[in-house]
Amino acid sequence: MDKTYSPQNIEQPLYERWEKAGYFRPSNQGDSYCIMIPPPNVTGSLHMGHAFQHTLMDTLIRYKRMDGFNTLWQVGTDHAGIATQMVVERKLAAQGVNRHSLGREKFIEKIWDWKAESGGTITQQMRRLGDSVDWERERFTMDDGLSKAVQEVFVRLYEDNLIYRGKRLVNWDPKLKTAISDLEVENKESQGSLWHLRYPLADGATTADGKRYLIVATTRPETMLGDAAVAVHPDDARYSSLHGAYIELPLTGRRIPIIVDDYVDQEFGSGCVKITPAHDFNDYDIGKRHDLPLINILSDDAHILSAAEVFDVKGLPRTDVATALPEAFAGLERFAARKAIVAALEAEDLLDKIEAHTNKVPYGDRSGVVIEPFLTDQWYVRVAPLAETATQAVENGDIQFVPKQYENMYFSWMRDIQDWCISRQLWWGHRIPAWYDDSGKVYVGRSEQEVREKHSLAADVALHQDNDVLDTWFSSALWTFSTLGWPDDTEALKTFHPTDVLVTGFDIIFFWVARMIMMTMHFLKDEQGKPQVPFKTVYVTGLIRDEQGNKMSKSKGNVIDPLDMIDGISLDTLLEKRTSNLMQDKLAQQISKRTKAEFPEGISAHGTDALRFTLAALASTGRDINWDMKRLEGYRNFCNKLWNASRYVLMNTEDQDCGLAGGELELSLADQWIIERFNGTVKQFRSALDQYRFDQAAAIAYEFTWNQFCDWYLELTKPVMTQGNAAQQRGTRHTLVHILEQLLRLLHPLLPFITEEIWQRVSKLAGTHADTIMNQPYPQVQSIRFAQAQDDMEWLKQVIVGIRNIRGEMDLSPNKPLPVLIAKADETAKRRLTDNGSFLAALAKLENVSFLSDADEIPASATALVGRMEIHIPMAGLIDKDAELARLGKAIEKAQKELQRMAGKLNNENFVSKAPADVIEKEREKLRDAEETLAQLQEQHARILEL
RNA sequence: GGAUGGUUAGCUCAGUUGGGAGAGCACCGCCCUUACAAGGCGGGGGUCACUGGUUCGAGCCCAGUACCAUCCA
């Protein structure tokens, strides 16, 4: 083996070999275990959050695969409608082309071209991360099979009256000119104004205090052109005489009623609210209650119309309202219109005042522009009936969230769930399988052919398909079963559905998880007809943030590509990566300044295994993770440690007798101890993984490998290798090889590459060789064989530590062998020391060990205690009196403090009378120990003092 | 305004039925001892945010306060 660990030399070739050999395929043996990957955007690239989730999924899959399950990690990508369409439009714009001049078909071709060009990025990244997904089953939400499933679901939901079309107020993105769902809207607080407008009363009416107008306050004065009423609270005495009166709406000449509604907040502003049902969600609801006209004054790109469009609450045209709008504003963009309208009102002395006001403004999370509540025809899923079943599945534990608190988040959303707007005015996506005849009548079916047959439409009836496509989440909601072949009744579906665990971020619980549960439970039933859940467990991860705790985002320029952690990257390349394609120079400068401060030397290579181990170690449940380069470095060192420990094992075992061919095996105390210690580690490690405590699993692995196996066991094998007889050497070699071989299997799910690389050599010596470690049995917990060895060895370690402690604190050279005197040793201690002299000599670097009887006088010495036993290192010429006194003083102080605490507790009447007997006994024992320890130390202190 | 999570060593974080405060990194001292200097050995360091309560006993349970974060309105 190379002297230094070089992940870049081993990782990629191993992955290629695994993939070629088909190790990622389900074995078709054993119980099934299946994880569905959250499909990433096909034209995107993986960030640290993906690397994190993929690490956890791959760890689980590799663990279960080795543990005998028939595992499938289903892989695939998502077409990401808006995001992808935007990217391609931007690319085309750079060439001076827009999609409309290109036409729908040509444009979609361009998107497929782009997918072909960029779609490999993600799959390549996944291979570098070691993801053991079944590539042969890779799916894409727009491929034929999944498109068929989407169509089938749409048609069946429509037939079940769970999909409908209607003219509703939607969140409209005026830049992308499409509806978006309320989840895609980000409400941001901003400093705006509140305009107080005077609305003249009609027919000479006056307010209680004699005014001829009402004052309404609004954050969006431009929408006044679409006002349909002014509302007051029914109990508001100021306006009770005006119920049923009218307003002369300024600028438009429209006559609108004053209505009465509980919704109005009497305290806010004047207590009068303008109602604009076509441009505000709350007003829309009021409009429905009062049968107000919906007066739309905006075009689809948010410019003022020259004539309003008026509908009733059912979306049918209404003709009793004048549609005329002032010419002066026609064609003005909404924010320009706001200025112009405020100016016009002011000119007519209708502007009472302007107040500063903080309000929430909705922004499209893709386009970044202000979202407009807008009246359009859209398709909706009626979710209430689906939500009920989906809620129950979590309530009754068929689906469990880890950590559990996310269940509340799920419930609260499900309780107030709104119908889901699923149509998008885009070209990239699944086209809605609905056709219209010339009268606008709608027919839903799997094809135009089917529609014609079903409705007996003559060939000369013209039909045209709906232009819109479905929300991307509509297709990903079907992911768990569409990828397994649904609507066909496939073997894969029977084997792997319901799947086992879903690993995903909390940010898409609503977008994706909840919708998957609803759709799956509606369409898939078990043999008894009971709805099937898509997965039994949802493991929710936090976000990976940068070292300052900021969210990683392109615009902040703090995104980390996991491959840069693996391969390393120079500062120049990193700067280039982070600042190219940025619109603003100023931003680029900021980013490059911060990047230079954070990574002055760029990033060095750490390898995939170290990255994965770090991500696992940071995965404490349910909270965000602040990325920490130091942790990554630490775990790369850990890999290096494992590498070098393996080198040591191989150097001492290859081409030597490891007992494979028989021969007497004598196991040393250390051999027996490490066997049990490993056994305990297997138990803990499995239990951690079973509970999704990847952080604990990593800590357990680290502690055993470094602090026990390397620091103690390997050192303990050295005296055997140099001084042991044949049977002893055979026994130790056998143990070395077998513990390492099993340790590699234990660690494989977290560290797939380094373990495979080393295992290929070690397994030969252990007689368990195979083509890959990937499908070898996972270590099982064994019954305990060497109970006494555990106690003996842990005790011996204390002795060694005690001597090292003196050596360290007394500044004695590690090279100088020390003579040791033992006093107050009982029979057990004597046995332990005499049986293991060579271990003691080697690890504590001793010259000799001799026992003192109680009668012997103890020479001047530095002292350590192990239980009651005293370890003395004679001071003659070695040890400084004052230093030893100081050392003892510190120990005495510590013992006194301990003693005081114990005594205080036991002198407390309440404690003695109320605490459980075993606790009291434990405290008494501790008190006795402390007393004896203190006495021994004081005695020693006095002795030294006399010198 | 409502909900949830957080506040533990210089930094990043563990702490699982309430019973002697832990890890990694950083820091200090000694050491290139044939697996590893990406290392070895030893060491220092914490009023567990604050206030009160329950309890013989609270980092942990309860109430409240402050600050931070996220989600919802």
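Everything numeric here is computed off the predicted structure, so don't read it as measured data.
If you take CH2 of A:W643 and P of B:A35, they are 17 Å apart, rounded to a whole angstrom. Per the geometry, CZ belonging to A:R647 stands 15 Å off P belonging to B:G39, to the nearest Å. Following rounding to the nearest Å, A:F911 (CZ) and B:A58 (C1') show an atom-to-atom distance of 14 Å.
Place A:K718 and A:S620 on RNA chain B by their nearest nucleotides, and A:S620 ends up nearer the 5' end. Each of A:N644 and A:Q405 lies near RNA chain B, and the nucleotide nearest A:Q405 is the one positioned closer to the 5' end.
B:G24 and B:C41: their P atoms are spaced 12 Å apart (whole Å). Rounded to whole Å, the P atom of B:A69 lies 39 Å from the corresponding atom of B:G29. Distance noted for atom C1' between B:U65 and B:C28: 40 Å (whole Å). B:G45 and B:U7: their P atoms are spaced 24 Å apart (whole Å). For B:G46 and B:C32, the P atoms lie 32 Å apart once the distance is rounded to whole Å. Only the C1' atoms considered, B:C13 is 12 Å distant from B:G6, to the nearest whole Å. Rounded to whole Å, the separation between the P atoms of B:A49 and B:G44 comes to 24 Å. With P as the reference atom, B:C67 and B:C27 are 36 Å apart, rounded to whole Å.
Counting any heavy atom pair closer than 4.0 Å across all strands shown, A:E633 reaches no nucleic acid atom. Looking at heavy-atom distances under 4.0 Å, A:K926 makes contact with a base.
A donor-acceptor contact under 3.5 Å links the side chain of A:E715 to the base of B:A35.
A:F599 has its side chain out of reach of A:I569: every pair of non-hydrogen atoms, C-beta onward, lies at least 4.5 Å apart.
In this structure, the nucleotide among B:C30, B:A38, B:U12 sitting nearest to the side chain of A:D628 is B:U12. For A:P916, taking side-chain heavy atoms from C-beta onward, the closest of the listed nucleotides B:C56, B:U33, B:C30 is B:C56. Comparing atom distances between the A:L714 side chain and each of B:C41, B:U16, B:A35 picks out B:A35 as nearest. Checking B:G39, B:G20, B:U33 against the side-chain heavy atoms of A:R901 singles out B:G20 as nearest.
A:Y5 approaches A:I754 most closely through the heavy-atom pair CE1-CD1, 3.6 Å.
Under the 3.5 Å distance criterion, with hydrogens and angles disregarded, a donor-acceptor pair is assigned to the side chains of A:T933 and A:R868.
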Practice problem: Applying salt bridge (Lys or Arg N to Asp or Glu O under 4.0 Å), run through A:K630 and A:E547 and close with a yes or a no. | Solution: CA-CA 10 Å; A:K630 297 287 187 188; A:E547 308 214 11; over 6 Å; no

Practice problem: Would you sort out whether A:R928 and A:E921 count as a salt bridge (Lys or Arg N to Asp or Glu O under 4.0 Å), showing the intermediate values? | Solution: CA-CA 11 Å; A:R928 279 193 298 272; A:E921 187 45 43; 3.5 Å; yes

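Remark: A:K641 is not positioned above the aromatic ring of A:Y702, lacking an NZ or CZ atom under 6.0 angstrom from the ring centre and at most 45 degrees off the axis.
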Self-check item: Pairing string, 5' to 3', for RNA chain B - Watson-Crick or wobble contacts under 3.5 Å, brackets [ ] where pairs cross, | to another strand
Solution: (((((((..((((.....[..)))).(((((.......))))).....(((((..]....)))))))))))).

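Going from atom CH2 of A:W706 over to atom CG of A:L642 covers 10.5 Å, rounded to the nearest 0.5 Å.
Of the candidates A:Y692, A:F52, A:F401, A:Y406, A:Y692 is the only one forming a ring-ring contact (aromatic ring centres under 6.0 Å, His included) with A:Y539.
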